[in-house]
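Have a look at the structure below before the remarks.
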Amino acid sequence: MATAKQLETKQTELDIKKWTDSESGTDMCGTYDYCDKCDKEKDYPCARAYYAKNAPAKTAAKTTKTTTTKTTTAKKAPAKK
């Protein structure tokens, strides 16, 4: 999840976009693709909704552990004199 600073910054960015888009006379709150994730009871609701909607999907590749194989080197026999 995003840090408080990231949430604050994204909320400000989205508020400006929402304000600018609303200057035509239509309140744009609730019209963006991430608004279905909005919880207005929380702080930074637009930012939280944005990150919830746009969070990268967890894939099997990210959750599986990588295995490595060890290679052994043969010990050299002591040199004959």
Side-chain angles (χ1 to χ4, degrees):
M1 185 56 166
T3 66
K5 183 65 177 167
Q6 289 171 318
L7 287 171
E8 181 180 10
T9 301
K10 181 55 81 175
Q11 182 69 40
T12 300
E13 175 188 321
L14 295 172
D15 282 345
I16 291 169
K17 178 175 176 33
K18 186 170 45 174
W19 178 270
T20 303
D21 292 350
S22 295
E23 286 184 321
S24 65
T26 303
D27 184 3
M28 298 302 289
C29 183
T31 64
Y32 299 100
D33 65 338
Y34 51 84
C35 291
D36 61 336
K37 301 283 187 181
C38 183
D39 181 354
K40 291 186 181 187
E41 298 292 319
K42 295 184 176 182
D43 58 340
Y44 312 116
C46 298
R48 289 181 185 279
Y50 176 87
Y51 285 124
K53 185 75 170 192
N54 296 299
K58 291 184 179 179
T59 62
K62 288 184 179 181
T63 57
T64 58
K65 291 184 178 180
T66 316
T67 58
T68 57
T69 55
K70 291 184 179 182
T71 56
T72 57
T73 55
K75 293 183 180 180
K76 292 184 178 181
K80 293 185 179 179
K81 292 186 181 184

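Just so it is clear, the model here is predicted, and its values are computed rather than measured. One is the number of the first residue; the rest follow in order along the sequence. Side-chain atoms are counted along with the backbone in the values below, which use heavy atoms only and exclude waters and symmetry mates.
- Scanning all heavy atoms of the two residues, the minimum distance from P45 to C38 falls at CB-SG, 3.9 Å.
- Note that NZ of K18 is 7.5 Å distant from SG of C35, once rounded to the nearest 0.5 Å.
- Side-chain contact between C29 and K40: present, with at least one pair of heavy atoms (C-beta onward) separated by less than 4.5 Å.
- In plain terms, the two heavy atoms of Y50 and K10 that are nearest each other are CE2-CE, 3.6 Å.
- D36 has a carboxylate O that lies under 4.0 Å from a charged side-chain N of K53, or vice versa, which qualifies the two as a salt bridge.
- Taking each heavy atom of A49 and Y34 in turn, the nearest pair found is CB-O, 3.3 Å.
- Between L14 and Y32 the shortest side-chain heavy-atom distance does not fall below 4.5 Å.
- A heavy-atom distance below 4.5 Å is found between the side chains of T20 and E23.
- Annotation: side chain of E8 is in contact with side chain of K5 (closest heavy-atom distance under 4.5 Å).
- Between R48 atom CZ and D43 atom CG the span is 4.5 Å, to the nearest 0.5 Å.
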